[in-house]
Each structure stands twice: as structure tokens, then as C-alpha cells.
Amino acid sequence: MEHSELNTDMILAAVRDHGFAAYDVLAKEFPSDLVIAEFTKAARSGLTSFGVGVHLASLTDKGRKRLDSLA
């Protein structure tokens with residue numbers, strides 16, 4: 001089965017739709033190291049924030065605005 005390429009927008013949508021379970025949902029379709037890399041990229045861009053682990057992310061206002069602009 002062929003998958004689309006994981007990107008920051010997919011991370012943001014997964015966080016919006018699945019909350020702290022976003023990593024688990026994405027890791028079923030993509031390699032774990034790739035998922036973590038994209039979560040890290042989103043956090044460094046200011047689109048998500050996190051406490052204990054980068055994969056336990058919440059959307060920032062900037063992240064919500066980016067998702068809204070995609071609609």
C-alpha cells in the first residue's frame with residue numbers, strides 16, 4: 001500500500017482530530033522516527049507546544065491559524 005508523504009499539515013490535523021493520540025494514529029501508517037521528526041519540526045516552527053514529549057503536542061494559535069487557512 002502506498003502512502004502520501006507525511007508533512008507538518010498532517011501532524012497538525014492529527015493533533016486537532018486525535019489530541020494526544022495523534023502519534024499513535026500516525027505511527028500505524030508511517031515509521032516512528034519520521035513521525036517524531038515531523039512533530040519536532042512542527043514544535044520548532046511554533047505550530048505546536050508540548051510538555052513531557054514532543055509527540056504529546058497541542059496546537060498553538062499559529063497552528064490553528066495554519067489549519068484554518070488550509071480549509
Side-chain angles (χ1 to χ4, degrees):
M1 180 191 306
E2 193 170 316
H3 297 288
S4 60
E5 187 174 326
L6 184 62
N7 60 43
T8 301
D9 294 331
M10 291 173 71
I11 296 292
L12 298 179
V15 170
R16 176 196 62 207
D17 296 344
H18 303 287
F20 292 147
Y23 168 82
D24 295 326
V25 170
L26 292 169
K28 290 179 184 176
E29 294 186 45
F30 300 98
S32 177
D33 58 336
L34 178 60
V35 175
I36 292 295
E38 285 298 326
F39 268 95
T40 301
K41 183 177 170 184
R44 287 183 177 158
S45 297
L47 300 170
T48 62
S49 62
F50 64 95
V52 177
V54 71
H55 66 290
L56 300 173
S58 298
L59 294 175
T60 62
D61 288 340
K62 183 178 177 182
R64 281 188 282 281
K65 287 178 185 175
R66 180 164 170 166
L67 278 177
D68 290 345
S69 74
L70 299 174

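This chain uses plain numbering: 1 for the first residue, then up along the sequence.
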*Leu59 and Leu12: side chain to side chain contact (heavy atoms under 4.5 Å, CB included), yes or no, with the steps?*
CA-CA 7 Å; Leu59 294 175; Leu12 298 179; 3.6 Å; yes
Enumerate, atom names and distances included, each donor-acceptor pair closer than 3.5 Å involving a side-chain atom of residues 33-40, sequence neighbours excluded.
unit_1	atom_1	unit_2	atom_2	d
Glu38	OE1	Thr8	N	3.3
Glu38	OE1	Thr8	OG1	3.3
Thr40	OG1	Ile36	O	2.8

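Leu56 and Phe30 are assigned to two separate hydrophobic clusters, defined by single-linkage of ILVMFWY side chains at heavy-atom distances under 4.5 Å.
Sorted by first and then second residue, the salt bridge (Lys or Arg N to Asp or Glu O under 4.0 Å) pairs involving residues 57-66 (not counting sequence neighbours) are Asp9-Arg66, Asp61-Arg64. For residues 45-71, the set of pairs meeting the ring pair (Phe, Tyr, Trp, His ring centres under 6.0 Å) definition, not counting sequence neighbours, comprises Tyr23-His55.
In this structure, the separation between OG1 on Thr48 and CZ on Arg16 is 14.5 Å, given to the nearest 0.5 Å. Atom CG of Leu47 and atom OG of Ser58 lie 13.0 Å apart (nearest 0.5 Å).
With hydrogens and angles ignored, the 3.5 Å screen pairs no side-chain donor or acceptor of Thr60 with any backbone N or O of Ser49.
Across Met10 and Glu5, no two heavy atoms sit closer than the pair SD-O, 3.3 Å. The minimum heavy-atom distance linking Leu67 with Ala13 is given by the pair CD2-N, 3.9 Å.
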